[in-house]
Each structure stands twice: as structure tokens, then as C-alpha cells.
Amino acid sequence: MLRLFNSRSLLVTALSLSASLSSPKTLRSMSSSSSTDTMRSPPVAKKVEHRMEMFGDIRVDNYYWLRDDSRTSPEVLSYLQQENAYTDSVLSGTKQFEDQLFKEIRGRIKEDDISVPYRQGPYYYYTRNLEGKEYLQHCRRLIPNHDMTPCSVHDTMPTGPDDPPEHVILDENIKAQEHGFYSIQAFKVSPNHKLVAYAEDTKGDEIYTVHVIDVEIGAPVGKPLTCVTSDVEWANDDTLVYITMDEILRPDKAWLHKLGTDQSSDICLYHEKDDTFSIDLQKSESQEFLFVGSENKITRFIFFIDASKPEDGLKVLTPRVVGIATWAKHRGNHFFIIRRSEEFFNSELLACPVDDVSVTTVLIPHRERIKIQDTCLFANHLAVYERENGLPKVIAYHLPAVDEPLASLEDGRAIDFIDPVYSVDPAQSEFNSSILRFSYSSLRMPDSVYDYDMNTGTSVVKKIETVLGGFDVSEYVTERKWATASDGTQVPISIVYRKNLVNLDGSDPLLLYGYGSYEVILELNKLLLLALKRYEVLIGKDVETVLLLGAFAGSSCTLTLICTLLFKIVCIDPWFKASRLSLLDRGFIFSIAHIRGGGEMGRQWYENGKYLKKMNTFTDFIACAEYLIEQRYCSKEKLCIEGRSAGGLLMGSVLNMRPDLFKVAFAGEWGDPRKEEFYHYMKAYSPVDNIKAQNYPHILVTAGLHDPRVMYSEPAKFVAKLRETKTDNNMLLLKCEFGAGHSSKSGRFEKLQEQAFIYTFILKALDMIPELSSSL
């Protein structure tokens, strides 16, 4: 079995050296740099041979013993603690700077803030952050004269002394006091607004407990639902639908739960027995139907439930047809369906009557250059989220009356955006209104929330994320460039920098980000987890599902590499990140390579970068790096590359292909190694199999003990194997958070502390940390 390594975060830095890396004289003197003579001896993991064989190919994993699914082995925990102590010792000289950097990053945050309230029935709902607190409060206020106050782009929640008071429904800070990790991933209000169901994770393992509480007094209602996913919806005021997982954490069953009854008596609505499929749950914007979808990589089919009669069970909306994928919405007498197939690869939008789902009408036909990404449906309008030429678009359509027939949609109104590259995502909107809410950001523009009137075309900004510390958006420049890949394909690159701090003569440090896997804009909460877990079950319990981290050939270049598994979006649109200003304000350029294998340029862009075309992903990234060097945005002596999640495979492969440009990474969407053709193709770019007795750059690997998608043992074993093999004296560090899950710790300031830790390592490696400075 191909060993696939994946770690939550991997940092790699290679300093520019003119002689042997093992020579102390070659290390550049800097107050914050590591020095091998001040380090304690690194931990040395014992070796216990573990053999794996496939297609006659034998692999030996001497560190398989580090895997302990219970996470209670004294021997394993002791080893991880030794690694943490070693990391702390090596980086002790930068702790003062790290603390200053954390203070700088935190100083940009408006700590006491609220989200934009959204209307739901007779209430405004919103979340609040309190100064100094890690977690959210979930709140609401009554809408004065609700029946007399229609939605408007100018709607503002009144907060005066004579207005309805704020009611705190749930304070996560109080709940989190009892736990080292705390996360709420679903917060669902019942149709009558009297109850709330929320999904709670207290370990970081993404196995949730659903609690139901009385909104007014916060008292629990019934017993909690345990061992479930975060997919939970109200069917009606006293009935919930939720999803559970099998032994490999694959969402496989949908259940109906009546409040006041025991979970053991719940009705199973659907069981997906094909372990290549997983199921999910959504409620229509109209609130009249629930949809249970089942999908694998190429196929998706849907059932629907009448929310007013959930006991009637599921009905088929779209059948299981290999190669056809569907997503559903509802309005009036019709279901609206996005359908994708091999022929219509960028999807088409259909409608079918609720009482006869076999009769369909094409509303928006398939277009080769425009991809339908998502829709937001209203009582009288439809907003379509599309992608064209690598950029997101939003088109608003007026729909005929519910009792009138539906026909092809034309003359939609496009929303204009101001930046050359940007991100746009749907936000909570009121179904019975003409107001579309969406979020917008770019590499220079903080996250913003807009309300758009689909009748008048009026757009009003409701909130722009506050960035303190003197941030001025006009000081930053965003650009879009195109690199030419080895086969002539034009690959887009998004770029941002602070215009008064860069020279654009090749001397600036640059961080290049790449992903190049999966296609749709989705949270990868389940997708990669299923892939990792499924290979273990199908191939055998002793097969390690880890991504491959590969050979790092020595070169005379300065390189910083960050590989962080955060499972965010997979169409990598340019997004704002306030902490990134700590790099930009130190003269960094940040760029994103929108390479094949992702979905930025449509479905074919994705198809042309996976399976036996995966090499396009790597050569595209190399072309982007070469373009940035040629155009003097940077030089390879200052080039930094980053791959998150499935971008790990990208990192490892391009480093093996062009060690003069890059030096390390991890892995992602790899194909099916049970098939010999894929096995050998994957082996051709498998980084971990190519670890050699040679010089490696400085490396920092981070992990979360309770991470369910990337087991802590994967980065731990990688570090152990690399430490055994490499020939240099450079840093090789492992930092394992004992109270963290997949996306690091759960508190907002805890996450910033980790970001400061990462940036400190980058700046240290590039010799950019000042001499024991007391201020930044």
C-alpha cells in the first residue's frame, strides 16, 4: 500500500548556504536562529519492523508502533512529550519575539464585536465576541413590529434602551470552561423559535453530541444525541433529523428523533451500505423539505422529506446514476436541481414539479466556460453563484409567480465587484424577501457582508471586519497574472503586497500558496477523513493511511515551506487574513497559484489535474514559481511555498521534481492505490519513499493529538524516519498539541498564538528577526 503522509502543519525552511550544511561556519549568525550547540539531543524513536506488501512491492514502516488509536499509550505519549520539550528547547531563543508577534496579531482584532444580525422569523439572530474571551455568545433580539417591518437593505437592528433587549441563548465561554477543546458546529433554531439544537465537540475528534435547550431559560430538553455528525436539522417543532457514522467515521445513516424519546428508539430513515458513499443533510430555504444526499467522487443522488410529515420517510428526488451528481433546492411547487454529468461537466440548472420529479425543465443550460457553483433560492428570486475565467460571479434572476410555469431563465443581473481577484460566498438570507446577503473579501479587503436588493440592484455594506493597528486598505496592491504551463495552458496567479515596502526587483521574500485538489467549494470536514479512513479499511487494518513526504534534494536556495492541514475551501479564491499582515508589513509578497486539480477554472480544470493527469498539478505550480522569479517578484533565494490539506501532495512532488526551486510538502487527492496502474503512477511522485541520506532544510511539523483526519502518528513517524535518515545538522522539530483537533486549538486567541509561532519560524529561517527587540 502506498503510504500517504499528512500532517496538520508542516514548516520547512532551507537557508541559503554556500558550503556543507553540516559545517557550523555555514550557519548565518542571527540572534533568533537555532544553533546546534545550544540544542538538547533530539528524541530517538525506537524501530520495530512492520512490513506491508502490494503488487509484489514491500514497504517497511519501522515506526508503526507510534500509532495508538486510543491515544493513551504511556510509551507513545512520553515520546510526543519529549518531542515537544525538544522543540521548546530549540526555539527558546525566539520566544520573546513570538510573544511580541502574537501581541501584534491580536492587536489587530476588535475583541468586543458582533456579527451582522440576520432575520429569522420574528427575531434577529447573531453572535457576539467579548473582550478577552475565546469563544462566542449566541444571541437574539425581537424585531419590533415584525409583521409591519419588511426586509430591506437598510434594515438595522435597534439596540436602544427602549428597544427589545438582547437575549443570550448560549455562551460558549461558560460551556468551554470544563473542556480543553470546545467547538460548536451547528446551531439550529426550531421553527417556533422556542428551542435550539446545537452540535458540540469537546475533544477535537469531530464526533459530536447534539443538545436541545429551551431558548428562554437555557434548560436542556430531553437527553442529548451522542456519537453523531454536525448535520442536524429540525423537521418540525418537536422532531429532529440527524446523521450518524459507521466504525470508520463514514456518515452512513439518517435518523428521525422525536423529542422526549430515547435515542435508541429513533427511526432509521436511510442506511447507505456502499462504503464508497457518504451521506449529508440539508434543509431547504423554504423550510418545507429536508434533503438527504449520498455521494462519492463522481455520483450524487438525493432523497427528500416533507418537513410537515417526516414520519412518511424518504422519497427519491434524483436516482443513483453513476457519473451524475445532483444538488437540490425548493420553492413553491418545484424543486430546483443542479445536475452535473460527464457531458455537462460545468452543470446545468433544472426544475421539476414536486408532485412529478421525473418531468424536468432546463432553466440554465450547460456552458463550457461558465460553471454553476451554487444557488440561493427565494420566494420570488434566484441567485446563482457561477465561475467564469477563474473568478466567482453572482447573477440574480426574478422568478415568475409560484403558480406560473417555469421556463429558461434569461436577463439575470450580475453583481459588480471591485478587486481584480476576490472571494464571494453565500450568507444567511431571508427566503421571503428580495434581499440577498453575501460575504466578500480579497487579498487586501477584510471580510465584508453585503445586502443586495434583487429588485432594485441596490447593494449596501452591512459590516467590514475591523482591523486595528492602523490598517489602510489603500496601502496594499492586488494583481492577477498568468503563467504558461509546460503544455501551454495559462494558469492564473493572485498576488498581494504592500506597495511601499516591496522593490519588485527579485529581492523581496515571497510566499506562494498552492492546493490543486478537489473541485467544489466545500468544507472538507468529511471528504478527506473518509478517504484516509476508507483506505485503511479496504486494504487492511494494518495499512497506514498517511501522505507521502518526500525527498528534499540539497540546493543553494532559501526556502520556507508551510504545509498546514486546515481543510478550508478547495476552490482557492483569494481571501483576507489579518494575521498575514504581519508578513506583508515586513515586505513579503503573498501569492496563490490556481493550478489544475482545483475547481477555480471549472470542472475540466479539476479533471485535468487528478488521477493519471495529476502531474499537471505539479508542473503548473512549477510554472507559476518560475513566472514569479522571471518577473522579479522574488528570487529562489527568497521563495517560500505553502500547501494546505491536499496541497501537501503538491509540495512533496514539486520539491522532488525541482529541488532547485522547492524543498518539501505533503499529499492529497491521490487516486485508488488498490489499482496497480494508480499505485505505480502514485509511486512515481510519492515523496516519503524517496527520503535519502542527504541534507535537508530546517523543518517544523505540528500535529493535534485528537485530530481525526490526520492522526498525530503520521507526522510523528515522518519526523522519526527523517531524523534517522538525514545527514545535516539542521532543525527537525515536532510540535504536538495535546488539546487540539484537526484545525489546531479551539479558542480564537489560541489559534493566533499558533499563527505567531509559525510566522516566527518563517522569519527566523529567513534571518528577519531583530536582535532581542523589545518592540516590533
Side-chain angles (χ1 to χ4, degrees), residues 8 68-74 77 80-81 84 102 106 109 111-115 125-140 166-190 195-232 240 242-245 249 257 259 262-263 525 702-709 711-712 735-754:
R8 182 167 58 82
D68 171 32
D69 290 3
S70 71
R71 295 162 173 84
T72 60
S73 165
L77 294 177
L80 296 176
Q81 289 166 346
N84 283 347
F102 168 69
R106 181 170 175 171
I109 296 175
E111 294 190 14
D112 186 1
D113 203 4
I114 70 168
S115 65
Y125 288 88
Y126 55 98
T127 58
R128 178 182 294 279
N129 279 305
L130 300 178
E131 184 174 359
K133 298 295 185 179
E134 294 276 7
Y135 300 96
L136 295 170
Q137 289 182 331
H138 298 263
C139 310
R140 77 177 183 186
E166 174 178 278
H167 175 63
V168 178
I169 302 171
L170 181 70
D171 189 337
E172 294 184 14
N173 296 286
I174 296 174
K175 300 286 290 184
Q177 289 176 357
E178 303 173 3
H179 308 284
F181 179 96
Y182 192 80
S183 175
I184 289 179
Q185 288 299 313
F187 189 85
K188 305 291 184 176
V189 180
S190 64
L195 304 174
V196 160
Y198 65 93
E200 177 186 75
D201 175 9
T202 59
K203 288 186 177 180
D205 59 7
E206 298 175 15
I207 300 174
Y208 293 89
T209 298
V210 171
H211 299 268
V212 178
I213 60 172
D214 183 294
V215 170
E216 289 299 324
I217 62 176
V221 177
K223 295 180 179 179
L225 305 174
T226 60
C227 299
V228 302
T229 74
S230 59
D231 279 355
V232 59
L240 288 167
Y242 63 95
I243 305 293
T244 59
M245 299 173 285
L249 304 185
H257 174 73
L259 293 186
D262 194 83
Q263 185 176 359
N525 277 350
T702 73
L705 182 63
H706 294 287
D707 190 335
R709 280 175 259 157
M711 281 198 69
Y712 73 89
K735 181 71 170 179
C736 182
E737 294 288 355
F738 278 51
H742 177 63
S743 298
S744 74
K745 294 183 178 181
S746 53
R748 58 173 175 156
F749 302 130
E750 292 174 325
K751 293 178 184 292
L752 296 181
Q753 186 69 65
E754 182 177 60

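With rounding to the nearest 0.5 Å, the separation of NZ in K133 from CD in E172 is 13.0 Å. A distance of 10.0 Å separates CD of E754 from NZ of K735, quoted to the nearest 0.5 Å. Atom CG of residue L249 and atom OG1 of residue T229 lie 11.0 Å apart, to the nearest 0.5 angstrom. Here the CD1-NE2 distance, from I213 to H138, works out to 9.0 Å after rounding to the nearest 0.5 Å. Summarising the geometry, atom CG belonging to L80 is positioned 5.0 Å from atom CZ belonging to F738; distances are rounded to the nearest 0.5 Å. The line from CD1 of I169 to CG of L195 is 11.0 Å long, rounded to the nearest 0.5 Å.
No side-chain N or O of E200 forms a donor-acceptor pair with one of T202 less than 3.5 Å apart.
E737 has its side chain out of reach of F181: every pair of non-hydrogen atoms, C-beta onward, lies at least 4.5 Å apart.
Summarising the geometry of R128 relative to E166, their closest heavy-atom pair is NH2-OE1, 2.8 Å, with the distance given to 0.1 Å. Contact detail for A176 and Y135: the closest heavy-atom pair is CB-CE1, 3.5 Å. Here the closest heavy-atom approach between residue V210 and residue A197 is recorded as CG1-CB, 4.2 Å. The shortest heavy-atom contact between T244 and C227 is CG2-O, 3.9 Å. Heavy-atom minimum distance, A199 versus S230: CB-CA, 4.0 Å. Across all their heavy atoms, T72 and D68 have their closest contact at N-OD2, 2.7 Å.
In this pair, H211 and Y198 present their aromatic rings parallel. The plane angle is below 30°, not in the 30 to 60° band.
Checked for salt-bridge contact, R106 and E111 meet the test: a charged N lies under 4.0 Å from a carboxylate O.
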Verdict with supporting geometry, Q263 and V228, side-chain contact (heavy atoms from CB on, under 4.5 Å): CA-CA 11 Å; Q263 185 176 359; V228 302; 4.1 Å; yes

Check against side-chain contact (heavy atoms from CB on, under 4.5 Å), E750 and E134: CA-CA 8 Å; E750 292 174 325; E134 294 276 7; 3.6 Å; yes

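By the 6.0 Å contact criterion, NZ on K175 is enclosed, its count of non-hydrogen atoms from other residues, nucleotides or ligands being greater than 12.
Each of D201, L225, I184, D231 was scored for a side-chain contact (heavy atoms from CB on, under 4.5 Å) with Y208, with one residue passing: D201.
In this structure a side-chain-to-backbone donor-acceptor pair under 3.5 Å is missing from D113 to N129. Distance alone, capped at 3.5 Å, places no donor-acceptor pair between the D171 side chain and the Q137 backbone. No donor-acceptor pair under 3.5 Å is formed between the side chain of Y182 and the backbone N or O of N173.
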